[in-house]
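Notes follow once the structure below has been shown.
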Amino acid sequence: MAKAVRAEPEPELEVPVPVRGPERGPIKLRVNGEKHELWVEPRRTLLDALRDDLGLTGAKKGCDEGTCGTCTVLLDGKPIYACLRLAIECEGHEITTIEGLAQGGELHPVQRAFIEEDALQCGFCTPGQILSVKALLDENPNPTEEDVRRAVSGNLCRCGAYPHIVRAALRAAKGLAERPGR
Amino acid sequence: MKRFRYARPERLEAALRLLREPGAKALAGGTDLLTELKARTQEPELLVSVQGLQEPGLRGVREDERFVRIGALTTLRELEAHPLVRDKLPILAQAAQTVAMPQIRHVGTVGGNLMQQVRCWYYRHPFVRCWLKGGEECYAEEGLNHRHAIFGTSPCIAVHPSDLAPALIALDAQARVVGPDVEGELALEELYRLPDERSRARTVLGPADLILEILVPKPSEPTRVRGVYLKAMERATWSFAVVSVAARLSFEPGSEGVRARVGDARLVLGGVAGKPWRARDAEAALRGSPLTDEAIERAAEAAVAGAQPRAHNAYKIELTRALVKRALRSLLPP
Ligand SMILES: Cc1cc2nc3c(=O)[nH]c(=O)nc-3n(C[C@H](O)[C@H](O)[C@H](O)COP(=O)(O)OP(=O)(O)OC[C@H]3O[C@@H](n4cnc5c(N)ncnc54)[C@H](O)[C@@H]3O)c2cc1C
Ligand code: FES
Ligand code: FES
């Protein structure tokens, strides 16, 4: 291992890097296909930006520290915890929340399957569960029960609706597979 | 969370310069750092996001003649799913699969996983000023220490939580680092240290040093090498390692009807010490003899020989012994 301690003064950078904050400033987000400009501090989490600045309260704040899954949203189609992500880090990415799933008044097939299989009780974990299942089916249209269990393993359900959640996911997969044009 | 400034440079040079400002801290996926910012165990003035860097090699997995090369910004999900990792480094694929849950694996990076902070409940508590946070005392020493270390001497008895680190050390991986304090390639094992009175840091990197890549040497005779990663968890998913074992053995060519001898051995334990813990005595016990039941017993005993349990964690000795045996048995050549 080479150790180097540089003492000599460094030349100016050709292109200075903008340093933002700590005050509020503009950040650009794309949520459910729509562009938004927010006026927030760099420390704003994506979860707070969605809920408090954009009024999208479908993503819930359960623990705010990455241990419950109620804040799950999709970032470029992949499930993430919105409470562990800075909003400013989401610039240039596409965010999908539960509010963005229904199209033209039609529920998404995963949402419908959750209703048909009665896959919720209080419903607090449901937006996160549905988004985790949607991301799974987008990647793997033919999941096994084990695949589903792994996919929702980061979404706690304190009501214990798990068996129904798994059934709903498998039903949605079947429904999507049988849809005309697929 | 305290307020901070934020920058997202595209050039490595710019990132390194920003990181040298007082109070600067690198931000990768943020899945560990945000929990620290919220608990105020870290209060940086400036967050330097490395996500905008365009440096070649920082993202993804590739191979050259000697190494499988893993960019520090590769996500845990990309790692577990990558064909090169699955085919050539199954120990690492197995370790990556056991980390946290999909939501963290999609965001958390290899570099961040290796550099993550300990999960000790005293350290993570916002109102407890333990030794690691600059206080006087390690409260786990006399307090609740179920999850704490059984090996190593340090004023802080928290264990290192990374699953990737033991797996990569068993694979003899190196880290390629740039920065003012460390520059060049260093064996991953050398990255880690136990905190002491001189420095409470858990790695040899300074605050402005960055890991760019992890280099995993390719075995010259891959068919003779077998490895496995086993992790004891409180539940089947979403749990840090209570104890984990990364084992890798190379076998010498055996003659017909004779059990092949072990050539080289690596046995690295997670969840049992303040850094990934290499069980060198157990490795030595394995080298040169066939992998018989007796050899496995001897290695498992050697692996726990120096253990120093505390009031609530003696169970980890039995767990380590059993996990080492199970790992080694799974490596018996067919
Ligand atoms: C609920 C939960 C469960 C978890 N379970 C597990 C588990 O079972 N096993 C496990 O191994 N981990 C587990 N983790 C930890 C998780 O794997 C890490 O949070 C993640 O890998 C960190 O990566 P990141 O990119 O988000 O890092 P960040 O949070 O961005 O950074 C973490 C630290 O690393 C530093 N850093 C980041 N990148 C670099 C770099 N390239 N060079 C130098 N320093 C750098 C940062 O400055 C910071 O100090 C869990 C985390 C959570 C929240
Ligand atoms: S709010 Fe619990 S994981 Fe984000
Ligand atoms: S339905 Fe109540 S938490 Fe899942």
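For clarity, every value in this text was computed on a predicted model and none was experimentally measured. A, B, ... follow the sequence lines: proteins, then strands. Residue 1 opens every chain. The figures that follow rest on heavy atoms only: side chains count, while hydrogens, waters and symmetry mates do not.
Per-residue heavy-atom pair counts under 4.5 Å with chain B were compared for A:L156, A:L136, A:V152, and the maximum is reached by A:L156. The most heavy-atom pairs under 4.5 Å with chain B, out of A:G25, A:G66, A:P79, A:A135, come from A:P79. Contact tally against chain B (heavy-atom pairs below 4.5 Å) for A:S132, A:G69, A:C68: the top residue is A:C68. With respect to chain A, the highest number of heavy-atom pairs below 4.5 Å among B:K2, B:Q51, B:R5 belongs to B:R5. Note on A:E89, A:E23, A:K78: by heavy-atom pairs under 4.5 Å with chain B, the leading option is A:E89. Counting heavy-atom pairs closer than 4.5 Å to chain A, the top-ranked of the candidates B:A39, B:S49, B:G52 is B:S49.
Neither the backbone nor the side chain of A:R149 comes within contact range of chain B; no heavy atom of the residue lies under 4.5 Å from a heavy atom of that chain.
For A:H164 and A:D118, the side-chain atoms include no donor-acceptor pair closer than 3.5 Å. Defined by atom type and a distance below 3.5 Å, a donor-acceptor pair is present between the side-chain atoms of A:N155 and B:Q103. Looking only at atom types and distance, the side chain of B:R8 has a donor-acceptor partner in the side chain of B:Y6 under 3.5 Å away. Side-chain N/O atoms of B:E36 and B:T41 include a donor and acceptor closer than 3.5 Å. Using modelled atom types, one finds no donor on one side chain facing an acceptor on the other under 3.5 Å when comparing B:T35 with A:E65.
Judged by a 6.0 Å distance limit and a 45° cone about the ring axis, B:R235 is positioned over the six-membered ring of B:W238.
Residues of residues 105-114 of chain B placed with any heavy atom under 4.5 Å of a heavy atom in chain A are listed by number as B:R105, B:H106, B:V107.
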